[in-house]
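Proteins get letters first, then strands, A, B, ... in listed order; numbering begins at 1 in each.
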There are 4 protein chains.
Amino acid sequence: MGNFIGHAAPGCFFLCFGLWWMLKYSVMWASRLGGGRTSSTHTVCCCGGARRFLGRVPIEGLVKMTFTTGGIIFEQLVAHWILIDSNGHFHILGNWQHTTMHSFFLLNGFCDILIALRAPVPSGIDYATMSLACSVEGLLFFYHLHGRGNLDVHVHQLLILAIVPCVAVTGLETWNPHTVYLPMIRAALATLQGTWLWQAGFILYPPFPGHDWDPDSHENMMFVSMAFCWHILGILLFMCVVYTVVYHIYQAKEKQLGNDMELGPLSSHMLQTHSDSELD
Amino acid sequence: MGNFIGHAAPGCFFLCFGLWWMLKYSVMWASRLGGGRTSSTHTVCCCGGARRFLGRVPIEGLVKMTFTTGGIIFEQLVAHWILIDSNGHFHILGNWQHTTMHSFFLLNGFCDILIALRAPVPSGIDYATMSLACSVEGLLFFYHLHGRGNLDVHVHQLLILAIVPCVAVTGLETWNPHTVYLPMIRAALATLQGTWLWQAGFILYPPFPGHDWDPDSHENMMFVSMAFCWHILGILLFMCVVYTVVYHIYQAKEKQLGNDMELGPLSSHMLQTHSDSELD
Amino acid sequence: MGNFIGHAAPGCFFLCFGLWWMLKYSVMWASRLGGGRTSSTHTVCCCGGARRFLGRVPIEGLVKMTFTTGGIIFEQLVAHWILIDSNGHFHILGNWQHTTMHSFFLLNGFCDILIALRAPVPSGIDYATMSLACSVEGLLFFYHLHGRGNLDVHVHQLLILAIVPCVAVTGLETWNPHTVYLPMIRAALATLQGTWLWQAGFILYPPFPGHDWDPDSHENMMFVSMAFCWHILGILLFMCVVYTVVYHIYQAKEKQLGNDMELGPLSSHMLQTHSDSELD
Amino acid sequence: MGNFIGHAAPGCFFLCFGLWWMLKYSVMWASRLGGGRTSSTHTVCCCGGARRFLGRVPIEGLVKMTFTTGGIIFEQLVAHWILIDSNGHFHILGNWQHTTMHSFFLLNGFCDILIALRAPVPSGIDYATMSLACSVEGLLFFYHLHGRGNLDVHVHQLLILAIVPCVAVTGLETWNPHTVYLPMIRAALATLQGTWLWQAGFILYPPFPGHDWDPDSHENMMFVSMAFCWHILGILLFMCVVYTVVYHIYQAKEKQLGNDMELGPLSSHMLQTHSDSELD
């Protein structure tokens with residue numbers, strides 16, 4: 001899919017997950033940090049609720065499987081499941097490569113569902129398959145670049161620079177899933193992949209005419225490196241805002257909960273049910 | 001051995017070990033996971049039996065030594081143990097390189113036997129020598145590629161990509177031998193090396209005429225990267241099947257054992273002996 | 001800022017921080033090592049005082065923010081905040097790249113202040129953002145070198161060699177902030193970056209006429225590698241001197257304190273206040 | 001020192017240390033492994049003696065300082081401490097590079113002595129400076145190769161392949177000095193550097209006429225990679241022999257000691273003094 005849509009569609013996929021993870025882990029972090037009198041109660045009610053809910057319906061896994069199955073079908077609508085055409089040549093290999101990437105994320109989604117259903121699988125298999133999916137993505141991008149222009153190679157190299165730490169971070173999470181930092185970094189890196197895929201689409205296949213980029217200009221190369229850093233900076237600042245907002249909402253809720261706690265266990269229980277339905 | 005057999009033979013070696021390890025570690029994993037009433041008894045009977053049996057006859061080490069000694073003899077039947085011929089030139093260096101690789105795996109097999117015989121050697125020396133053997137294999141493949149075609153280099157680079165994590169995983173096992181994940185990954189990587197060596201043989205030295213590959217086509221390069229990912233995916237799916245089947249056989253056995261347990265310790269002992277001979 | 005000042009100014013920034021850290025961590029190390037009768041009292045008085053003072057006014061963070069804000073303003077006095085000029089070309093990208101680097105160190109300074117003010121941020125965020133700032137610096141330097149002379153590339157590669165361990169060390173400190181070694185190494189590496197930026201300025205933009213370097217001479221390349229090692233050696237020897245002097249001052253103080261301790265708790269308290277104002 | 005002696009002399013230095021460490025750590029390993037009745041007594045007598053002796057006279061540090069000071073003087077006998085000659089050119093930079101390497105090993109020897117004299121230095125500084133000395137050696141070799149022949153580059157790349165794990169292993173020892181494996185690996189890698197420096201001398205500057213190597217032959221390149229693996233294999237087999245011999249001497253001694261123990265504490269003490277003087 002060497003066009004704008006081909007970069008924007010997976011970009012949306014990564015952006016969705018990045019933003020969803022940011023929200024999810026900022027709530028988790030706020031509940032961990034939120035000390036004081038009522039924290040333990042609240043932590044139980046929020047996380048317990050979230051876990052119960054996620055246990056019932058494995059959203060993440062289902063979304064991943066839906067997206068990737070859709071991606072595979074869409075790619076094969078063009079390739080018609082033909083790998084070698086009647087002349088003995090390979091047929092639209094780009095689409096087959098994207099199908100391959102989607103398959104690994106499909107496997108990852110399947111493992112997420114298995115974990116959520118408490119199937120007897122080794123714990124951490126969801127992180128391990130995501131690490132594998134990212135490394136396959138990186139591998140295919142790396143060997144994708146043979147014989148392309150300087151700018152194209154540079155843009156994709158920077159994408160690989162966002163993929164490699166993603167592989168490392170999810171690999172570490174396989175062994176040590178209960179940290180605060182690693183999921184945050186994962187969320188940031190997924191968002192970075194998302195925004196950078198959009199940026200790559202804009203640079204390599206400008207959707208609006210009259211904005212073509214000179215593929216061999218040194219200035220363009222320098223700008224692209226810098227733009228990558230700006231994406232990182234922007235995502236970090238956005239994450240700060242998200243975390244601050246979530247933290248303050250959480251603090252306000254906790255205060256309110258603290259006041260309500262004095263009324264009696266009944267109302268606290270009602271509130272808990274209420275906050276469950278709101279937060280999840 | 002720059003021919004099809006020269007790639008298929010070591011491929012078989014790695015395939016055998018990969019598949020054997022898959023079976024072995026899936027049994028171990030099932031016995032660890034198999035909780036409930038009778039698990040501890042069963043774990044003892046199965047693993048204890050396996051360990052006793054492996055303690056008596058170090059199969060793995062003997063198989064490794066047989067295969068590699070065979071390989072060295074086979075290579076030297078051609079090279080006649082002549083390194084420098086009468087003109088002062090090196091004589092069939094390829095065969096000597098394969099002999100070198102075989103020697104390291106021979107050393108590894110020897111260390112396996114020493115460990116199995118409880119010789120006073122540092123624990124973990126079997127993993128350390130395997131890590132070394134893999135890194136020597138990777139080193140020789142890496143400096144093997146000077147002046148070859150693009151496709152040849154690419155196929156061997158992907159092989160090195162399967163060898164490097166193998167070095168890392170066995171290196172980690174030296175320090176931490178009692179994990180669930182590392183042996184699984186090692187089994188998968190050994191199988192991957194095996195299937196990829198077969199694939200390399202088919203691509204570089206097509207055994208059936210009329211299927212020659214263009215060594216400089218970009219399409220071929222792209223397909224080869226993708227085929228590598230397919231091998232990974234196929235091995236993972238095959239592993240899933242093996243683990244599921246072993247897990248269900250194990251669960252069925254355990255249930256039956258649980259029923260028999262109620263009859264008395266005598267029959268349980270009989271069953272234990274029975275399951276020993278079956279499982280090993 | 002492709003001139004001497006453009007290398008000397010950030011060099012000063014890194015030198016200041018390197019030297020300040022050397023002093024700071026040598027005091028910490030001396031107080032940890034200083035065993036004996038009075039050590040616990042003294043440790044409390046010195047470090048407690050330092051911590052109280054640093055808690056009140058987050059010097060490091062403020063200095064970082066002042067320096068980097070100054071750097072950004074200075075760069076943009078030239079670039080006038082214009083990224084794309086009226087002809088559609090990029091405008092003085094070098095200055096924009098430096099602005100980008102400064103922004104990340106500005107963010108790091110801001111996080112330092114947040115930590116010092118005990119804001120509810122994840123602990124270790126000061127080290128994490130410094131690691132990120134260093135890696136962005138390394139990334140921009142790495143893609144900066146396209147189409148330059150051999151000597152220029154070599155000098156900057158050596159700079160990257162000083163930046164990469166800095167990224168690693170501050171990354172490790174995020175997880176494990178209470179070690180003796182890591183801060184020492186960080187201090188040495190920051191000083192190394194500082195002195196090497198000065199050296200790079202002297203080599204690439206000689207401030208005194210008549211000392212131009214031949215950019216393609218192999219001898220110059222060899223000398224430059226060696227000079228890098230001499231910088232390392234010099235910094236290590238300087239660190240040894242600093243640590244020895246601090247250690248002996250500390251020992252002398254402790255002895256004196258031990259003598260004074262016998263006079264009564266009142267005078268000890270006076271001394272404590274005194275040593276606070278002196279040391280901080 | 002681009003000649004045979006220039007490679008053989010440092011080769012001897014590394015060989016001496018590699019062999020000495022092999023002996024030292026095989027004794028340590030045998031004393032750790034040697035369980036049974038008398039082991040604790042014997043361990044104390046042997047290691048305690050060795051430690052007391054090494055505590056009195058820091059042999060390793062002194063030998064390192066002697067060797068490297070000798071090396072520096074020898075190099076500067078040729079270079080006359082002149083860095084820039086009267087024409088403004090650099091003067092025999094190769095010798096200055098070797099002087100630089102020697103300085104770092106001199107610093108390492110100095111730190112060894114400080115540790116042995118129980119000076120108040122951070123523990124592990126001896127390993128840290130050795131790791132640094134090796135990395136400086138690797139860095140200088142790496143940038144040494146500009147514009148040389150294929151064979152020369154290849155031989156030195158393999159040397160760097162022996163240096164890099166040495167840096168890693170000594171770096172790990174800084175944090176975790178009491179392992180069995182790391183010192184063994186360090187001993188093997190030091191020996192490998194030693195034998196490979198000799199091999200490099202024989203290949204690049206053949207001491208006997210009529211054995212010149214064609215620097216661009218692909219066969220030579222392949223042989224050199226293989227020879228490197230043979231060095232590894234040879235060193236491993238030699239280490240096995242050393243460890244086996246030491247282990248059996250140790251076992252025999254322990255048995256004898258066990259017999260003597262029954263005679264009384266006096267004779268045991270005599271034996272201890274005796275074994276001290278023999279082993280050290």
Side-chain angles (χ1 to χ4, degrees), chain C residues 25-26 28-30 32-36 150-151 153-155 157-158 161-162 164-165 168-169 172 176 179-185 188-189 210-214 216-237 239-240 243-244 246-248 250-251, chain D residues 2 72 75 79 83-85 87-108 110-111 114 118-125 127-129 131-148 167-168 171-177:
Chain C
Y25 295 118
S26 62
M28 275 197 186
W29 170 76
R32 268 203 208 185
L33 214 85
N150 276 338
L151 192 68
V153 167
H154 188 44
V155 166
Q157 273 179 352
L158 290 169
L161 261 185
V164 166
V169 163
L172 284 173
N176 192 2
T179 56
V180 178
Y181 263 106
L182 293 178
M184 283 189 195
I185 299 175
L189 287 169
H211 288 272
D212 294 336
W213 291 60
D214 175 9
D216 290 314
S217 140
H218 178 51
E219 295 243 304
N220 280 351
M221 303 272 286
M222 278 176 79
F223 174 73
V224 161
S225 317
M226 198 165 60
F228 187 72
C229 297
W230 290 355
H231 278 248
I232 298 173
L233 193 63
I235 287 163
L236 282 184
L237 294 179
M239 261 175 94
C240 288
Y243 275 72
T244 312
V246 167
Y247 179 76
H248 280 109
Y250 200 90
Q251 291 287 90
Chain D
I72 290 175
E75 298 280 351
L83 178 61
I84 299 171
D85 62 13
N87 302 323
H89 291 110
F90 287 116
H91 182 65
I92 329 184
L93 271 180
N95 288 39
W96 276 98
Q97 285 205 333
H98 289 108
T99 304
T100 307
M101 288 186 208
H102 287 314
S103 315
F104 278 88
F105 282 102
L106 183 66
L107 182 74
N108 174 232
F110 183 67
C111 286
L114 282 183
R118 282 145 213 251
V121 290
S123 70
I125 207 173
Y127 295 114
T129 48
S131 185
L132 182 72
C134 288
S135 54
V136 163
E137 192 198 347
L139 174 72
L140 287 180
F141 271 125
F142 186 78
Y143 284 114
H144 202 67
L145 301 175
H146 186 79
R148 297 215 182 174
V167 172
L172 284 172
E173 277 185 297
T174 311
W175 306 104
N176 191 2

Worksheet item: So what's closer than 4.5 Å to chain D heavy atoms on C:Tyr243: side chain, backbone, both or neither?
Response: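 Contact with chain D involves no heavy atom of C:Tyr243 at all.
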Worksheet entry | C:Ile185 versus chain D, the contacting section by heavy-atom distance below 4.5 Å |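 Neither part.
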Worksheet item: Do other residues, nucleotides or ligands put more than 12 heavy atoms under 6.0 Å from D:Phe142 CZ?
Response: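 Open: at most 12 neighbouring heavy atoms sit under 6.0 Å from CZ of D:Phe142.
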Is chain C contacted by the side chain of [X], its backbone, both, or neither, given a heavy-atom distance below 4.5 Å?
{"X": "D:Leu93", "result": "both"}
{"X": "D:Thr174", "result": "side chain"}
{"X": "D:Ser135", "result": "neither"}

Discussion item. Closer than 3.5 angstrom, by distance alone: can the side chain of D:Asn95 be matched with the main-chain N or O of D:Glu75 as a donor-acceptor pair?
Written reply: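 Yes; at least one donor-acceptor contact below 3.5 Å.
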Item to complete: Please confirm whether the backbone N or O of D:Ile125 pairs with a side-chain atom of D:Thr129, one donor and one acceptor, at under 3.5 Å?
Response: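 Indeed, once roles are kept as given, a pair shorter than 3.5 Å links the two residues.
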Worksheet entry | C:Trp29 and C:Tyr250, any side-chain heavy atoms less than 4.5 Å apart |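 They are not in contact (no side-chain heavy atoms under 4.5 Å apart), so the answer is no.
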Worksheet item: Just wondering, do D:Trp175 and C:Tyr181 contact through their side chains at under 4.5 Å, heavy atoms?
Response: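 Side chain of C:Tyr181 against side chain of D:Trp175, heavy atoms only: contact under 4.5 Å found.
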